[in-house]
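First the structure, in the form of C-alpha cells, and then the observations on it.
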Amino acid sequence: MNGSGHAVRLGRIFGIEIAFDYSWLFIVFLLTWSLASTFAHLHADWSGVASLGVALAAALLFFLSVVLHELAHSLVARSFGIPVRNITLFLFGGVSNIEREPPSPKAEFLTAIVGPLTSIVLGIVLLAVGSAVVDVPFGTTRGDVLSRLGAGETLLLWLGPINLIVGVFNLIPGFPLDGGRVLRSILWATTHNLHDATRWASAVGQAIGWGFVFLGVAIAFGAYVPFFGRGLVSGLWLAFIGWFLSSAAAQTWRRQLVHEILEGVAVSQLMRPARDVVPDSTELAVFVDRWLLRSDQPAFVVVDDAGRVSGIVTLADVRGVPRDAWPDLHVARIMTPRNRLVVASPAEGVSEALEKLMRADVGQLPVLDGERLVGMLHRTDVARWIELHVQPPRARTYAH
C-alpha cells in the first residue's frame, strides 16, 4: 500500500527511513503467539521455547519481507521524482509514505505494481528453496512432511506461501490497495482525467471493502468460505479489514477533492501575519499572563536574541507543566525546538502544507522565508477556506 502519526525510527535503507507505529507491536505479538501455537502442534518434539523462538523469527522475517515490498514501491516512486518520507510498519502491515500523487498513469502503474510483484517473486523463491532443501515436490505443505522439518525449513515453507498471499491480496482492485492503484492508473490513462479515475477507483474500493465486511459477518455466524474458513475470530478480522479498506478508499477520495480545491493556492494567501513572538528567555508564568491569556492563539513562535526562530510553544506544552513549577521555567525549556519543527514556506502550495499539518497532527505551521518568520498557517483557516470554496448544492426552491 501507498500512504504517521508518531512512529519509532528503526534505521535507513537507501536513504529511506524505516519506522514502526506502536500498533505494529500488537500484530507482532499476535502473529508470534498464533505461530507458536501452530509450530508446537506441528512439531511435538520442540520445546515451548523453541516454538516461541521460531515463531518470533518468522514474524520478524515476515515484516522484513513487508519492508522489501514497500521499499520496491518507494524506489520506483523516487525514480519518477516523487519524494518518499519513510516506510512505516503498522497494524495492517506496512505503508510507503509517498508525499504526493504520481505525475502520470505510467508512474502510478509502475509504482503500484512493483510491490505485489516483489512479494510474489519473493514467495516463489522461498518456496523453491524450501522445497529443494527438504527434497519434496515444489509447493508441498502436508502436515506429515512439515512435522519432520527443522527450524530453517519450517521458516522457508511458511514465509513462501505467506508472501504469495500478500502479493495476491494486494492485487485486489480495492483502492487504495496496490491493485486499486493499478486500476486507477488504467482508468486515468483511459479517461485522461485523474478526478474521474480516482472517483471510480474509490467506489470500487469501497464496494470491495463492504463485501469483505459482509463476508466476515457471515463467517462469524458460522458460514464456511473456502480459504477463509469459518469462526468468530476469522470473521471479525476479515470484517475489520473490510471496514479499514472501505474507510481508506473514502478518505482517499476526499483527499483528492481537497487537493483539487486547494490547487494553485499558496501558503502566503492563507497564513496569518507573524506577530506575538515570544523571546526564549521569557518566564513561563509571564508567558501565560502576557501571551496565552490575552490571545486566542493556541501556539506561539519562540525566538532567540537575534530574532531567529528557536521553536514553538503551545497551550498543551504549558498544561503539561505543574503550576507550581511555572516560576522556575522559561519557555525554552518546554517548547518544541526548531530542529523538530515542521514548517512551510510562503510559496509552498496549501495542499502540501495541509499534508504536513495532518502528518504531524498539529494545528499550525510556522511559515519561514529562509530562516525568517513571516507568518503562521492554521489548520482552522485552511478548513474555513475549503468550506467557503466547496461548490454548494443547487439551491432548492420551495412553493409557498
Side-chain angles (χ1 to χ4, degrees), residues 20-69 89-94 116 118-170 172 212 215-216 218-242 244:
F20 71 85
D21 183 85
Y22 288 110
S23 64
W24 176 71
L25 297 176
F26 171 74
I27 202 65
V28 169
F29 168 79
L30 193 64
L31 183 58
T32 301
W33 174 73
S34 175
L35 287 176
S37 176
T38 300
F39 292 161
H41 175 75
L42 194 62
H43 300 281
D45 57 325
W46 286 11
S47 67
V49 173
S51 296
L52 184 62
V54 175
L56 179 59
L60 294 178
L61 287 171
F62 167 66
F63 281 104
L64 176 59
S65 65
V66 171
V67 170
L68 293 177
H69 174 116
L89 299 171
F90 74 122
L91 181 65
F92 290 102
T118 298
S119 293
I120 290 171
V121 169
L122 184 59
I124 292 172
V125 170
L126 290 171
L127 264 178
V129 173
S131 298
V133 168
V134 299
D135 194 25
V136 296
F138 179 78
T140 296
T141 56
R142 293 177 302 169
D144 60 335
V145 174
L146 295 178
S147 64
R148 298 196 298 270
L149 300 180
E153 295 92 337
T154 298
L155 285 173
L156 286 170
L157 293 182
W158 181 80
L159 286 168
I162 200 68
N163 273 282
L164 286 173
I165 290 171
V166 168
V168 172
F169 178 81
N170 272 277
I172 295 173
F212 280 171
L215 194 62
I219 291 172
F221 279 94
Y224 175 78
V225 177
F227 181 76
F228 294 108
R230 64 162 59 92
L232 180 63
V233 174
S234 298
L236 290 178
W237 185 244
L238 184 60
F240 187 48
I241 290 175
F244 173 79

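Predicted model only: the values in this text are computed from it and were never measured.
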Checklist entry - So, for Gly216 and Leu238, which heavy atoms are closest and what is the spacing to 0.1 Å? => result N-CD2, 3.9 Å

Checklist entry - So how far is it from Leu60 CG to Phe62 CZ, rounded to the nearest 0.5 Å? => result 11.5 Å

Next on the checklist: If I compare all heavy atoms of Ser119 with all of His69, which pair ends up nearest, and what's the gap?
Outcome noted: OG-ND1, 2.7 Å

Checklist entry - Heavy-atom distance under 4.5 Å between the side chains of Val66 and Leu89, does that happen here? => result yes

Item to check | Leu156 to Leu126 - nearest heavy-atom pair and separation | outcome: CD2-CD2, 3.7 Å

Next on the checklist: Does Leu35 form a side chain to side chain contact (heavy atoms under 4.5 Å, CB included) with Trp158? I'd like the steps, not just the answer.
Outcome noted: CA-CA 10 Å; Leu35 287 176; Trp158 181 80; 3.5 Å; yes

Next on the checklist: To the closest 0.5 Å, what do you measure between CG (Leu127) and CG (Leu157)?
Outcome noted: 6.5 Å

Item to check | Separation between CG of Leu236 and CD1 of Ile241, rounded to the nearest 0.5 Å | outcome: 11.5 Å

Checklist entry - At their closest point, which heavy atom of Phe90 faces which heavy atom of Ile27, and how far apart are they? => result O-CG2, 4.2 Å

Checklist outcome for this item: Rounded to the nearest 0.5 angstrom, the CH2-OG1 distance for Trp46 and Thr154 is 4.0 Å

Checklist entry - Residues two or more places apart in sequence or in another chain: which of them pass ring-ring contact (aromatic ring centres under 6.0 Å, His included) with Trp24? => result Phe20, Phe63

Checklist entry - Looking at CG of Leu64 and CG of Leu159, how far apart are the two atoms once the value is rounded to the nearest 0.5 Å? => result 9.5 Å

Checklist entry - Between the side chain of Ser34 and the main-chain N/O of Leu30, is any donor-acceptor distance below 3.5 Å? => result no

Checklist entry - side chain to side chain donor-acceptor pair (under 3.5 Å) with Ser65: which residues, sequence neighbours excluded? => result Asn163

Next on the checklist: Ignoring hydrogens, what is the shortest heavy-atom contact between Leu164 and Ile120? Give both atom names and the distance.
Outcome noted: CD2-O, 3.5 Å

Item to check | Heavy-atom side-chain contact between Ile172 and Phe212 under 4.5 Å | outcome: yes

Next on the checklist: Tell me the closest heavy-atom pair linking Ala36 and Ser51, and the distance in Å.
Outcome noted: O-CB, 3.8 Å

